[in-house]
Amino acid sequence: MTTMTDASVREFKMPDVGEGLTEAEILKWYVQPGDTVTDGQVVCEVETAKAAVELPIPYDGVVRELRFPEGTTVDVGTAIITVDVAGGAPAGAPAGQPKAEPAAPAEPAEEPKQQGRQPVLVGYGVAASSTKRRPRKGPEAAVPAAAQAVQGELNGHAPAAEKPRPLAKPPVRKLAKDLGVDLATVSPSGPDGVITREDVHAAAAPAAAPEPAAETPAAARPAPAPAVTYDGARETRVPVKGVRKATAAAMVGSAFTAPHVTEFVTVDVTRTMKLVEELKQDKEMQGRRVNPLLLIAKALLVAIKRNPEVNASWDEAAQEIVLKHYVNLGIAAATPRGLIVPNIKDAHDKTLPQLAEALGDLVSTAREGRTSPSAMQGGTVTITNVGVFGVDTGTPILNPGESAILAVGAIKLQPWVHKGKVKPRQVTTLALSFDHRLVDGELGSKVLADVAAILEEPKRLITWA
């Protein structure tokens, strides 16, 4: 991770923070040349194809050079920052600028160098108890910190103690910025003093209302797109990188590798909706996420149990069909950084309360941008809920390596023939896409029909399980 370029200067290289990923984009630098850094201090935030990650530096010293500006995509293993571990002046400092004097070491009798370490929010290593934010750009930025302190004393002002940077995930920081909340004023409720989304919403009330709970959420809603102002430009070009780049490559590979077939069915889910409301009052389900997606997921798991051949993958190299005796159930989640599909490991073995808890954890983690690379690997079958956007249905594309994906449309009150009479009923449309190399029309139809039958009459969750 580090190499010696001379006796005192070390290079910090872009690490592999995503299990085999080859590049990452530098989103933000938290330090500038001339800043003093300590072992474990977060120096930058980067984005991989999987998630946003804060990188701590593994040694003490003075920053000499930032090799790349913000917004640059850098290959793993490339040096991104150099640090003078002996505390020399930064390379490229303005001519005539005095060399920064190293800070006098604290006397051992007063206080140790660091009283403790806190885990970093995302990534690896540990972060110091407090970290330095990079100075604001402007006229004062060019003035050395020591000179500012002396000037303050001459003016009769004692130098202010530097405040520690509030601990919060990148998505939480963005939420605070959108709501106009200063994180320094927010009381954290998360573990190790981490500020959560709920803390930000509480601090913003009543200026900004909490996010409304969707009736049928399948995944996190993306942050609203900023308003577009037409200033004469006829086009805007947005670089394809990070999560969106990885998703695009995967979808193109899937669409042109696996022969897709999509089937549709419209079903009366009134009884399922009633059961959802009853489960919300059940003491066994208290504190867990209970919504239509929970019963749709359970219905799909039962349908797979009745038709196990659908849960398979195609091994092109070996020319074999690999039957899976487990179900890692993927849930498509729309996040501010793009579409991700984390999965619930061994979902087939979970009880309804356990499945509800797993779904809740999956959605919350995705919303906060904390989904790990391992959580997005090894999926076998996926559910995508386009209904949360008011869409009736779609033709979903398979995730690479998976055999089927179920799209769930919006649940709407519609006129429906029930017991010989036209009545208002809760109705939705399901769409099942499957790999026709693995799943023929009969098998795919059976799976979709079973899911529909369970949602129409949810007592089949018991009789068919």
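Among residues two or more places apart in sequence or in another chain, the side-chain hydrogen bond (donor to acceptor under 3.5 Å, both in side chains) test is passed with K345 by N343. In this structure, the side chain to side chain contact (heavy atoms under 4.5 Å, CB included) partners of V451, at least two apart in sequence or on a different chain, are A299, L300, A303, L406, L430, L455. For T262, the side-chain hydrogen bond (donor to acceptor under 3.5 Å, both in side chains) partners are S433, not counting sequence neighbours. Contacts of D392 classified as salt bridge (charged side-chain N to carboxylate O under 4.0 Å, His left out), with partners at least two apart in sequence or in another chain: K412. Applying the side chain to side chain contact (heavy atoms under 4.5 Å, CB included) criterion to S187, with sequence neighbours excluded, gives no partner residue. With sequence neighbours excluded, the residues forming a side chain to side chain contact (heavy atoms under 4.5 Å, CB included) with D282 are E284, M285, listed by chain and number. In terms of the side chain to side chain contact (heavy atoms under 4.5 Å, CB included) criterion, residue partners of T78 (sequence neighbours excluded) are, by chain and number, F68, V74, D75. Qualifying side-chain hydrogen bond (donor to acceptor under 3.5 Å, both in side chains) partners for E316, counting only residues two or more places apart in sequence or in other chains: W314, Q319. With sequence neighbours left out, the side-chain hydrogen bond (donor to acceptor under 3.5 Å, both in side chains) criterion links T73 to no other residue.
Within the 4.5 Å cutoff, the side chain of V43 has heavy atoms near those of the V37 side chain. Using a 4.5 Å heavy-atom threshold, the side chains of I195 and L167 count as separate. Under the 4.5 Å side-chain criterion, counting only non-hydrogen atoms from C-beta, K298 is in contact with L355. Using a 4.5 Å heavy-atom cutoff, the side chains of V83 and V9 are not in contact. Between D435 and H260 there is no side-chain heavy-atom pair separated by less than 4.5 Å. Put simply, the side chain of V341 does not reach to within 4.5 Å of the side chain of M376, judged on heavy atoms. Using a 4.5 Å heavy-atom threshold, the side chains of K350 and I344 count as touching. For the pair S403/F434, no side-chain contact is recorded, criterion being any heavy-atom separation below 4.5 Å from C-beta on.
In terms of modelled atom types and a separation under 3.5 Å, the side chain of E357 and the main chain of Q354 share no donor-acceptor contact. The main-chain N or O of E65 is found under 3.5 Å from a side-chain atom of T82 such that the two form a donor-acceptor pair. In this structure, R288 contributes its side chain and P353 its backbone to a donor-acceptor pair below 3.5 Å. Using modelled atom types, one side-chain atom of E70 and one backbone atom of W29 make a donor-acceptor pair closer than 3.5 Å. Remark: side-chain polar atoms of N291 are paired, donor with acceptor, to backbone N or O of L294 under 3.5 angstrom.
Of all heavy-atom pairs between A297 and I383, the closest is CA-CD1, 3.6 Å. For the pair A404 and L432, the tightest heavy-atom approach, listed with the atom from each and the gap, is CB-CD1, 4.2 Å. Here the shortest heavy-atom pairing between I397 and I405 reads O-CD1, 3.7 Å. Residues A407 and G394 come closest through the heavy atom pair CB-O, 4.5 Å. A318 and D315 make their closest contact through N-OD1, 3.1 Å (heavy atoms, listed as atom of the first residue, atom of the second, distance).
Distance OG1/T371 to CD1/I340: 3.5 Å, rounded to 0.5 Å. I81 contributes atom CD1, which lies 14.0 Å from atom CZ of R10 (distance to the nearest 0.5 angstrom). For the atom pair I26 CD1 and T72 OG1, the distance stands at 6.0 Å (nearest 0.5 Å). Interatomic distance, T185 OG1 to D182 CG, rounded to the nearest 0.5 Å: 4.5 Å.
Screening V439, T380, L301 for a side chain to side chain contact (heavy atoms under 4.5 Å, CB included) with N311, the sole residue that qualifies is T380.
Residues D199 and T196 bring a donor and an acceptor atom of their side chains to less than 3.5 Å of each other.
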message = Determine whether V46 and L27 satisfy the following criterion, side-chain contact (heavy atoms from CB on, under 4.5 Å), listing intermediate values before the conclusion.
response = CA-CA 5 Å; V46 302; L27 293 180; 5.8 Å; no

request  = Go through the steps for Y30 and E54 under the test side-chain contact (heavy atoms from CB on, under 4.5 Å), then give the verdict.
outcome  = CA-CA 10 Å; Y30 295 130; E54 290 185 324; 3.4 Å; yes

task = Determine, step by step, whether K324 and S313 satisfy the side-chain contact (heavy atoms from CB on, under 4.5 Å) criterion, reporting the C-alpha distance in whole Å, the side-chain angles of both residues, the deciding distance to 0.1 Å, and the verdict.
result = CA-CA 8 Å; K324 308 293 178 64; S313 63; 3.4 Å; yes

query = Where do V276 and V290 land on the side-chain contact (heavy atoms from CB on, under 4.5 Å) test, with the steps shown first?
reply = CA-CA 7 Å; V276 168; V290 179; 4.2 Å; yes

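Pairs engaging residues 395-407 under the salt bridge (charged side-chain N to carboxylate O under 4.0 Å, His left out) rule: none recorded [sequence neighbours left out].
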Pairs of donor and acceptor atoms involving the side chains of residues 325-333, under 3.5 Å and at least two apart or interchain, shall be tabulated with distances.
residue, atom, partner, partner atom, Å
N328, OD1, D346, N, 2.9
N328, ND2, G378, O, 2.9

